[in-house]
There are 2 protein chains.
Amino acid sequence: MATIKDVAARAGVGLGTASRVLNGSAQTSPSSRERVLAAAAELGYVAHGPARALRRTRTDALGLLVSDIRNPFFSELAHAAEQEARAHGYAVLLANANEDERQADDVLRTFASQRIDGLMLSPQGPATPQLASLLERDVPIVLLNRRIEGVDLPFFGTDNEQGVGLVLEHLQRRGHRDVAYVGGTPTMSTGVERARTYLGGRAAHGISTDDAFVEAGDFQTEGAAAAMLRILDRGVQPTAVFGANGATTVGVLRALRERLGSDAAAAIEVVSFDDFDWFAYASPAITAVRNDASAIGRAAVQGVLALLRGEPAESVRVATTLIDRSGR
Amino acid sequence: MATIKDVAARAGVGLGTASRVLNGSAQTSPSSRERVLAAAAELGYVAHGPARALRRTRTDALGLLVSDIRNPFFSELAHAAEQEARAHGYAVLLANANEDERQADDVLRTFASQRIDGLMLSPQGPATPQLASLLERDVPIVLLNRRIEGVDLPFFGTDNEQGVGLVLEHLQRRGHRDVAYVGGTPTMSTGVERARTYLGGRAAHGISTDDAFVEAGDFQTEGAAAAMLRILDRGVQPTAVFGANGATTVGVLRALRERLGSDAAAAIEVVSFDDFDWFAYASPAITAVRNDASAIGRAAVQGVLALLRGEPAESVRVATTLIDRSGR
DNA sequence: TCGTCGCGTGGAAACGTTTCCATGACGGAA
DNA sequence: TTCCGTCATGGAAACGTTTCCACGCGACGA
């Protein structure tokens with residue numbers, strides 16, 4: 001394995017000169033520049049990242065901790081974040097927490113040990129010990145999509161109020177009165193914001209405020225299906241259902257089909273916070289609020305990089321758009 | 001930032017003893033063990049990964065290069081691989097190639113610089129310079145899902161023959177004769193294997209061998225939709241369509257709906273290689289061959305770890321299962 | 001002609017670990 | 001008592017970089 005020492009020797013220059021050429025850091029004579037580059041190419045030299053990180057006290061790596069990469073929202077976000085980071089010369093270390101606080105802490109310990117330069121975090125719950133320790137070290141951290149109680153960090157996520165507003169308007173436009181709402185986890189900031197905005201906006205948009213139409217889920221398919229079944233079991237007859245996120249909507253679909261059969265289910269309009277491409281092919285028709293995960297991912301990277309430069313990072317709430325598929 | 005030197009000083013022991021305790025490597029007296037651990041806890045000591053990697057010449061990190069993490073097959077695979085690796089004390093560095101050979105090479109260079117201990121790779125095309133360079137250094141490498149011409153590496157992927165066989169049997173059982181086939185990229189091993197098995201098996205399963213029903217796509221939604229349109233434009237009337245992967249099937253759905261309208265489209269049975277959960281909610285009904293991405297991810301990690309231990313790694317072809325949704 | 005300046009250069013030091021080697025203490029056998 | 005082996009220990013060396021510092025050399029102005 002060739003080291004920079006080998007490169008320097010082969011080029012007939014000193015260690016320092018080789019390093020300077022390879023990093024383009026300082027002035028070097030054209031002749032040594034040329035010879036060093038030639039030597040490096042001949043030897044297939046690849047700088048030893050860890051050694052370089054050790055000496056420079058930075059790694060050019062950002063950590064990205066999401067709850068579950070299988071969630072399309074996060075995989076799109078991760079993809080965009082990686083592209084954006086790469087464009088700025090940073091690598092992204094991706095890890096899953098599986099909605100598990102212990103695993104999240106474990107990952108943070110690994111990140112800390114790797115000495116990542118910055119962190120993008122979709123929190124699982126309250127602040128954990130490892131997070132606190134990273135904060136102490138002044139590692140730049142931004143939050144994705146969920147907030148953490150008591151911790152004031154730049155936030156990059158969806159504009160829930162605006163998105164729910166679009167849904168309320170759509171439901172009113174379509175003349176729905178009896179609308180079921182399957183919400184998210186009541187302890188998560190996203191769940192709270194969406195529920196508050198929706199429930200509070202019902203009256204102004206001609207939607208029944210009967211709480212028999214409302215159940216909380218857990219942002220997972222299973223829990224949402226169960227919640228939907230509880231609503232149906234009360235004997236109410238919604239003409240539309242609003243699911244608080246993508247997985248919730250899938251659970252709603254499953255429950256409707258299971259309890260009513262696919263024909264009766266097709267008569268119900270389903271509205272989703274979070275859009276999936278395949279909604280276009282589903283029956284019943286699904287109207288959705290599209291959540292620009294790519295924009296969030298890019299903005300989050302830019303936020304971390306700003307913090308790294310010592311500038312303040314402004315929180316960003318990305319606006320959503322309504323994909324209306326009710327007209328079919 | 002506390003170093004191991006600080007820990008040793010605070011514990012009143014030498015550098016070596018501190019290191020030995022923290023790594024549990026050699027015999028240490030209970031008293032110094034206790035004091036070192038206490039000191040480390042008090043200082044919030046976290047070992048410096050890069051320094052440790054420098055000295056040990058290994059990083060306990062595996063690289064995973066996929067074409068696009070937004071593809072559910074890969075996100076499931078990546079998730080499983082990360083869990084498996086973590087269970088064995090390894091971290092996974094994930095990167096996307098975006099189906100772009102140059103970007104893939106770029107990522108490999110980064111991986112090489114990070115000195116990953118092993119690599120799991122879903123190749124974009126033929127062997128690239130950086131891959132060759134990694135091979136030279138004897139970095140353990142396994143292939144995911146696609147093979148590389150002329151390079152003999154352990155392979156972990158779907159059993160395409162077996163999967164296509166399930167599809168052929170299903171089509172025969174359902175009595176389809178006029179079946180359209182939208183294939184994948186003809187240069188990729190997966191595309192070739194699936195096409196060869198399907199085309200060769202048609203006659204034996206009572207399926208028309210008229211090549212007017214066959215078009216190649218590119219494993220992407222856009223290209224598949226275009227291919228499907230070309231078939232329909234020939235004036236043939238398939239009663240079923242077989243899409244060579246998940247994205248292809250989505251393109252097929254789009255084309256059918258666009259050209260025939262959703263009612264006529266619903267009368268056509270669509271069969272997919274790759275299953276998505278939402279297929280259950282789609283119209284027309286979609287029967288699919290389920291591809292166990294998690295099993296592939298886990299097996300690939302185990303393969304790399306075997307290579308790292310100096311053992312041979314046996315290629316694995318994971319069997320698929322048929323999810324029959326045609327009975328609705 | 002001489003001092004000064006700037007530029008390119010070589011090499012030592014440092015980054016934080018792990019591991020090797022030598023040392024001292026201690027206990028048991030002779 | 002003496003000798004040897006065992007065991008825990010401290011510290012130096014090494015891993016591959018980058019960066020700082022000092023030096024030599026040519027050009028330039030006085």
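To find a chain, count down the sequence lines: A is the first, B the second, and so on, and within it residues start at 1. The figures that follow rest on heavy atoms only: side chains count, while hydrogens, waters and symmetry mates do not. Treat the numbers as computed from the prediction; the structure is a model and nothing was measured.
Of the possible donor and acceptor atoms, one in the side chain of B/D117 sits under 3.5 Å from a partner among the backbone N and O of B/D60. Side chain of A/R317 to backbone of A/T158: a donor-acceptor contact under 3.5 angstrom is found.
Side-chain atoms of A/R33 and A/T28 include a donor-acceptor pair closer than 3.5 Å.
Crowding of A/E314 atom CD: a count of heavy atoms from other residues, nucleotides or ligands under 6.0 Å not exceeding 12. Atom CD of A/E149 is surrounded by 12 or fewer heavy atoms from other residues, nucleotides or ligands within 6.0 Å.
Among the protein residues, A/A47 comes within range of the sugar-phosphate backbone only, with heavy atoms under 4.0 Å from sugar or phosphate atoms but none that close to a base. Within the nucleic acid shown, B/S19 comes within 4.0 Å of at least one base atom, counting heavy atoms only.
Separating the CG atom of B/L15 from the C1' atom of D/dA14 is a distance of 13 Å, rounded to the nearest angstrom. In this structure, CZ of A/R56 is placed 23 Å from P of C/dA13, rounded to the nearest angstrom. Taking atom CZ of B/R58 as the reference point, atom C1' of C/dT17 lies 14 Å away to the nearest angstrom. Summarising the geometry, the separation between CG on A/L54 and C1' on C/dA13 is reported as 13 Å, rounded to the nearest angstrom. In this entry the distance linking NZ of A/K5 with C1' of C/dA12 reads 11 Å, nearest Å. With rounding to whole Å, A/H48 atom NE2 is found 17 Å from D/dA14 atom P. Atom CG in A/D60 sits roughly 15 Å away from atom P in D/dT17 (whole-Å rounding). In this structure, A/M1 atom CE and D/dG16 atom C1' are separated by 13 Å, rounded to whole Å.
Remark on DNA chain D: of its neighbouring residues B/Q27 and A/R20, the 5'-side contact belongs to B/Q27, judged by nearest-heavy-atom nucleotide. Comparing B/G14 and B/T57 against DNA chain D, the residue whose closest nucleotide sits nearer the 5' end is B/G14.
Between D/dT18, D/dT17, C/dG16, one nucleotide has an atom nearer to the side chain of A/N23 than all others, and that is D/dT18. Listed nucleotides: D/dT18, D/dG16, C/dT18. Nearest to the side chain of A/R52: D/dT18. Here the side chain of A/T17 is nearest to one of D/dG10, C/dG10, C/dT18, namely C/dG10. Minimum atom distance to the side chain of A/I4 is reached by D/dT17, of the listed D/dG16, C/dT18, D/dT17. Of the candidates D/dT9, C/dT17, D/dT17, the closest approach to any side-chain atom of B/S32 belongs to D/dT9. The side chain of B/T3 sits closest to C/dG16 out of D/dA8, D/dT18, C/dG16.
A donor N or O paired with an acceptor N or O is not found under 3.5 Å between the base of C/dT17 and the side-chain atoms of B/R55.
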